[in-house]
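Please read the structure below before turning to the comments.
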Amino acid sequence: MAWARALTFVELELRRLRHDPTEVFMRAVQPILWIGVFGTVMSRVRAIPTGSVDYLTFITPGVLMQSTSFIAMAYGIMLVWERESGILKRVLTLPVSKFTITLGRSLAGAARALTQLFIILLIALPLGAKLDVSPPHLLLAVLVVFTGSMGLTALSILMAVFMKTRERFMGILQAITMPLFFASNAIYPIELMPAPLQAFSRVNPLTYIIQALRDALIYGDYADCLANLAVTAAFSFALAAAASAVLEKIIE
Amino acid sequence: MRDGVCVRVRSLVKVYAGTVRAVDGVSTEVLDGEIRAFLGPNGAGKTTLMRVLTTQLKPTAGDAWVMGYHVVLEAAKVRGVIGYVPQEFSVWNDLTGYENLLIYAKLYGVPSDERRRVIEEALEFMGLSEAANRLVRTYSGGMIRRLELAAALMVRPKVLFLDEPTIGLDPRARSLVWSRVLEYREEYGTTVVFNTHYMDEAERYAERVTVMNRGRVIAEGSPGELMKLVGEGVVLQIRVNGDAHAALNALSGLEGVVVVSSENPLKVKLADAQQGIARVLGALLARGVGVEEVVVRNPSLEDVFLKLTGMTIEEAEALGYREAAWVRRAIRRGG
Ligand SMILES: Nc1ncnc2c1ncn2[C@@H]1O[C@H](COP(=O)(O)OP(=O)(O)OP(=O)(O)O)[C@@H](O)[C@H]1O
Ligand SMILES: [Mg+2]
């Protein structure tokens with residue numbers, strides 16, 4: 001029952017996208033630049049050692065998570081808007097628990113972000129990224145992107161609860177998305193970073209999500225993939241729990 | 001037990017951010033099946049009170065119960081028996097009307113085999129069947145309000161909380177909204193609690209009215225009872241030609257005549273209509289004051305508010321805005 005209600009928020013999101021899918025296509029632009037331009041050039045100059053795989057292949061999961069994490073973390077802007085209208089006031093007086101609402105909206109953010117997985121595969125594969133997209137690998141990748149984006153959406157909900165206005169929300173969003181991206185293993189192996197940055201990248205959830213994604217799509221390392229997925233899931237549920245504990249404050 | 005009391009409020013206080021006393025010791029009881037208006041100017045605390053009753057805000061002090069459930073201790077149970085339409089719009093405008101109801105029906109847990117019927121009935125009842133598959137973005141204000149009502153009524157709540165249900169609507173849209181609410185209430189006996197700052201709306205639709213100002217209840221009763229506060233008699237509304245001062249001078253000291261508003265048009269309360277009207281017009285003509293228009297009406301809640309606060313509702317609002325602006329400045333200064 002609670003799950004059915006949580007999934008209603010996913011349905012809400014999908015119905016919205018169906019009415020206006022332009023944003024799905026707009027979001028393809030940045031990854032095309034990252035993979036098509038940055039990836040191809042860096043691949044050719046071989047400036048960054050990425051072991052047995054070529055650079056273009058290496059950064060595809062990184063770019064994928066960069067753009068999905070941005071979509072997930074921007075989800076809160078919707079809550080800020082719903083706070084200004086009466087929607088959140090109303091939703092919070094429905095006979096639905098705070099956790100169900102938070103979980104549902106986090107899943108909704110994840111569903112929105114997941115569309116990007118397919119778009120990026122459609123960009124990267126023709127450009128020559130050597131990714132294994134056979135059903136079990138693809139399924140694992142879907143699971144990883146979904147679980148990770150859910151946690152990042154929960155983080156975004158937390159940000160919306162405390163920031164409350166559009167301007168402040170956009171401010172903090174910009175302040176944290178870039179550092180999260182650069183202080184992760186997205187576009188270079190973490191061994192290449194200075195020590196303090198390495199330490200930070202090890203508590204950066206993006207690092208675990210991207211590692212799990214590489215395991216699934218590039219290395220085929222199931223054990224390491226599941227280990228990283230477990231860390232991702234723990235982090236996602238912790239953030240969802242934290243967000244649901246304070247959710248009510250958003251309408252104060 | 002409840003003893004036929006649907007909403008019970010005891011010495012309720014809500015202070016925002018440690019400074020703004022939005023609700024300042026309100027007590028009242030709404031009976032089962034009653035239609036109750038909370039009437040007051042902007043900033044009176046109506047919305048805050050309703051938000052406490054609908055479990056959105058925790059009171060700073062005092063208690064409240066809805067259908068016998070405590071709004072803080074049994075919030076989940078309260079949510080199961082109420083319908084609520086907030087002052088601001090509360091539907092997704094990038095979905096269709098039908099989809100909005102579908103999402104709300106699922107969140108309310110309406111069983112899947114009943115959903116379609118429940119939604120279609122609600123749309124039909126609110127006169128929205130034709131527009132059901134259009135995006136809400138294309139709806140008029142009145143249609144949006146009716147859609148929001150449909151979402152609230154769909155699940156047959158025991159108590160309906162409506163915060164300024166007709167704010168910003170034109171008179172036709174207002175009366176359409178009200179006719180739907182009244183018909184629904186007639187059929188299901190739902191208790192209806194609404195906020196308004198339209199005097200005429202409280203007077204016409206509410207069985208009892210709670211008049212609020214600055215977070216407090218300043219009067220409560222049926223519209224008829226409240227009218228008695230201003231006494232028997234009639235109110236004359238006189239539009240004079242030129243100087244209102246001359247007119248005021250002419251009227252001062254006339255027996256049985258009380259000036260309630262000295263702006264043009266003047267409002268004058270008469271104890272006795274028959275003699276009073278002649279006396280007032282006589283005095284004005286004797287001083288050479290030109291009279292453009294005279295309206296005779298029964299006293300309204302507006303006069304009650306005037307009598308209780310010494311201000312018209314518009315004046316109270318203007319004052320409220322000044323105070324709000326002052327408070328904002330003080331907060332910005334950090335004081
Ligand atoms: N979330 C909030 N935080 C701080 N102060 C608030 C908040 N909401 C309302 N107030 C203040 O509390 C007071 C009462 O506001 P409230 O909205 O309850 O009045 P109202 O009677 O509903 O007025 P209106 O007719 O404008 O809707 C006002 O001074 C308002 O500025
Ligand atoms: Mg209000």
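Chain letters run A, B, ... following the sequence lines, proteins first and then strands; every chain starts at 1. Keep in mind that what you see is a predicted model, and the values were worked out from it rather than measured. These numbers come from the heavy atoms of this one structure, side chains and all, not from hydrogens, waters or symmetry mates.
Interface remark: of the candidates A/Leu7, A/Leu92, A/Ile87, A/Asp20, A/Ile87 forms the most heavy-atom pairs closer than 4.5 Å to chain B. Residue with the most contacts toward chain B among A/Thr100, A/Leu94, A/Ile101: A/Leu94 (heavy-atom pairs, distance under 4.5 Å). For the set B/Tyr16, B/Tyr84, B/Trp92, the count of heavy-atom pairs under 4.5 angstrom toward chain A peaks at B/Trp92.
At least one side-chain heavy atom of A/His19 sits under 4.5 Å from a side-chain heavy atom of B/Thr96. Annotation: side chain of B/Leu95 is in contact with side chain of A/Leu12 (closest heavy-atom distance under 4.5 Å). At least one side-chain heavy atom of A/Glu11 sits less than 4.5 Å from a side-chain heavy atom of B/Leu102. With contacts defined as side-chain heavy-atom distances shorter than 4.5 Å, the pair B/Gln56/A/Arg90 does not qualify. Side-chain contact between A/Phe9 and B/Ile103: absent, with no pair of heavy atoms (C-beta onward) separated by less than 4.5 Å.
Few gaps surround CZ on A/Phe146; more than 12 heavy atoms of other groups in view lie less than 6.0 Å from it.
The distance from atom CZ of B/Phe89 to atom CD of A/Glu84, rounded to the nearest 0.5 Å, is 15.0 Å. Note that CZ of B/Arg51 and NZ of A/Lys89 are 4.5 Å apart. Values are rounded to the nearest 0.5 Å. To the nearest 0.5 Å, the span separating OG1 on A/Thr8 from OH on B/Tyr108 amounts to 13.5 Å.
Across B/Pro86 and A/Gly86, no two heavy atoms sit closer than the pair CG-O, 3.6 Å.
Using a 4.5 Å cut-off between heavy atoms, B/Lys77 makes no contact with chain A at all.
Checked by atom type and distance alone, the side chain of B/Arg79 never pairs as donor or acceptor with a backbone atom of A/Thr93 at under 3.5 Å.
For residues 244-252 of chain A, the interface with chain B (any heavy-atom pair closer than 4.5 Å) comprises A/Glu248, A/Ile251, A/Glu252, sorted by residue number.
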